[in-house]
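Okay, structure first, notes after.
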Amino acid sequence: MIGQDKVYEVLKELGIGYDYLEHPAAPTIEIALQYCNNMDSTHCKNLFFRNHKGNRHYLVIFYCEQNLAIHELEQRLRQGRLSFASEQRMQKYLGLKPGSVSPFGLLNDTEHHVYVFLDENLRKAPKVSFHPNDNRASLAIKTEDFIRYMDFTGNGYEWTKLY
């Protein structure tokens with residue numbers, strides 16, 4: 001199966017089942033939806049940000065068909081000025097490359113540096129889907145299992161109204 005082995009090992013360890021879909025590389029949500037629209041899940045958009053000083057990093061997860069203006073996001077999250085984190089920062093903190101950002105990348109954040117903001121609307125979804133740290137596949141898991149996974153990572157997170 002495509003994706004980082006660590007993802008599948010942790011899901012097995014936690015007893016989390018998943019639906020697996022292999023597809024051509026999908027570095028954007030628009031491309032991913034061409035392949036994943038038959039998956040019975042809510043597809044998520046995952047954006048990786050840094051603060052103005054570059055000493056805090058955030059993963060923002062929300063429903064894929066929503067768009068968030070960065071200025072509006074700054075006001076909602078109250079973390080100061082935000083900008084997209086560089087490819088180097090993405091590799092350092094999540095062990096990922098652009099186009100593969102996923103909350104499964106938190107498994108590579110051994111120091112729990114990245115803080116996660118989850119759109120509260122995702123709580124209502126029966127299942128959510130993400131890349132398994134490789135944009136050539138997608139996994140759908142129950143939202144309740146996703147919450148268990150988030151608790152397992154040790155990274156701080158909160159549910160918030162993003163739009």
Side-chain angles (χ1 to χ4, degrees), residues 2-4 7 11 16 18-51 56-79 81-87 89-109 113-150 153 155-163:
I2 292 174
Q4 288 183 341
V7 172
L11 293 178
I16 294 176
Y18 53 85
D19 299 324
Y20 173 84
L21 177 66
E22 200 168 304
H23 49 71
T28 66
I29 195 66
E30 294 78 19
I31 295 170
L33 287 175
Q34 294 174 14
Y35 306 113
C36 300
N37 60 3
N38 289 330
M39 284 186 95
D40 183 25
S41 65
T42 297
H43 305 292
C44 298
K45 192 179 284 189
N46 308 278
L47 301 178
F48 188 52
F49 293 100
R50 55 167 259 181
N51 68 353
R56 306 253 355 242
H57 293 81
Y58 309 98
L59 181 60
V60 179
I61 302 171
F62 56 100
Y63 180 58
C64 72
E65 295 195 11
Q66 289 292 330
N67 288 311
L68 298 176
I70 197 164
H71 181 68
E72 185 178 317
L73 191 60
E74 289 169 342
Q75 291 176 339
R76 288 195 183 273
L77 301 183
R78 295 182 216 141
Q79 300 298 313
R81 269 193 15 216
L82 299 175
S83 60
F84 287 103
S86 67
E87 184 174 345
R89 288 172 187 267
M90 191 178 297
Q91 181 64 44
K92 177 179 179 180
Y93 294 109
L94 297 176
L96 300 175
K97 295 180 180 182
S100 295
V101 175
S102 158
F104 294 126
L106 297 171
L107 295 174
N108 300 316
D109 182 17
H113 176 80
V114 177
Y115 192 82
V116 182
F117 289 99
L118 299 157
D119 175 45
E120 67 182 19
N121 292 303
L122 294 177
R123 281 187 179 185
K124 301 172 200 162
K127 288 184 178 180
V128 289
S129 58
F130 309 97
H131 292 310
N133 295 345
D134 186 310
N135 66 19
R136 298 173 297 154
S138 295
L139 300 180
I141 64 175
K142 291 179 182 175
T143 301
E144 63 197 42
D145 287 337
F146 174 65
I147 294 168
R148 281 194 311 119
Y149 164 78
M150 287 300 300
T153 68
N155 289 74
Y157 72 93
E158 65 185 82
W159 297 92
T160 190
K161 184 176 179 159
L162 293 178
Y163 43 87

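Sequential numbering from 1 along the given sequence is applied to the chain's residues. The model shown is predicted, which means the values in this text are computed figures rather than measured ones.
- Here the shortest heavy-atom pairing between Glu87 and Pro98 reads CG-CD, 3.5 Å.
- Applying the 6.0 Å contact sphere to CG of Asp40 captures no more than 12 heavy atoms from other residues, nucleotides or ligands.
- Contact check for Ser100 versus Asn135: side-chain heavy atoms found under the 4.5 Å cut-off.
- With Tyr20 contributing its side chain and Ile2 its backbone, the two residues share a donor-acceptor pair below 3.5 Å.
- Contact between Leu94 and Leu106 at its shortest, heavy atoms only, is CD2-CD2, 4.0 Å.
- In this structure, the side chain of His131 engages the main chain of Ala26 through a donor-acceptor pair within 3.5 Å.
- Of all heavy-atom pairs spanning Ser129 and Ser41, the tightest one is OG-OG, 3.1 Å.
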Let me see the working for Met150 and Val116 under side-chain contact (heavy atoms from CB on, under 4.5 Å), right down to the final yes or no. CA-CA 9 Å; Met150 287 300 300; Val116 182; 3.8 Å; yes

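- Within the 4.5 Å cutoff, no side-chain heavy atoms of Tyr63 are placed close to those of Lys45.
- Checked against salt bridge (Lys or Arg N to Asp or Glu O under 4.0 Å), Asp145 has the following partners two or more places apart in sequence or in another chain: Arg148.
- In this structure, the side-chain contact (heavy atoms from CB on, under 4.5 Å) partners of Arg123, at least two apart in sequence or on a different chain, are Trp159.
- A heavy-atom distance below 4.5 Å is found between the side chains of Leu118 and Phe146.
- Between His113 and His57, the ring-plane angle classifies as tilted under the 30° and 60° cut-offs.
- The shortest heavy-atom contact between Cys44 and Ile29 is O-CD1, 3.7 Å.
- The heavy-atom pair separating Ile31 from Ala25 by the smallest distance is CG2-O, 3.8 Å.
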Asn155 and Leu59: CA distance, side-chain angles, deciding distance, side-chain contact (heavy atoms from CB on, under 4.5 Å) verdict: CA-CA 10 Å; Asn155 289 74; Leu59 181 60; over 6 Å; no

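- The CG atom of Asp134 sits 9.0 Å away from the CD atom of Glu22 when rounded to the nearest 0.5 Å.
- Listed for the Tyr149 side chain is a donor-acceptor partner under 3.5 Å among the backbone atoms of Pro103.
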side-chain contact (heavy atoms from CB on, under 4.5 Å) between Met39 and Asp19, worked out: CA-CA 8 Å; Met39 284 186 95; Asp19 299 324; 4.2 Å; yes

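- Between the side chain of Thr143 and the backbone N or O of Ala125 there is at least one donor-acceptor pair closer than 3.5 Å.
- You'll find the side chain of Phe49 reaches within 4.5 Å of the side chain of Phe84, heavy atoms only.
- Put simply, the side chain of Leu77 reaches to within 4.5 Å of the side chain of Val60, judged on heavy atoms.
- When only modelled atom types and interatomic distance are considered, Asp119 and Tyr163 share a side-chain donor-acceptor pair under 3.5 Å.
- With hydrogens and angles ignored, the 3.5 Å screen pairs no side-chain donor or acceptor of Glu74 with any backbone N or O of Arg81.
- With a 4.5 Å cut-off on side-chain heavy atoms, Thr42 and Asn121 do not count as touching.
- Relative orientation of the Phe130 and Phe104 rings is perpendicular, given thresholds of 30° and 60° on the angle between their planes.
- With contacts defined as side-chain heavy-atom distances shorter than 4.5 Å, the pair Leu47/Phe62 qualifies.
- Within the 4.5 Å cutoff, the side chain of Asp109 has no heavy atoms near those of the Thr153 side chain.
- How far OG of Ser86 is from CZ of Arg50: 7.5 Å, rounded to the nearest 0.5 Å.
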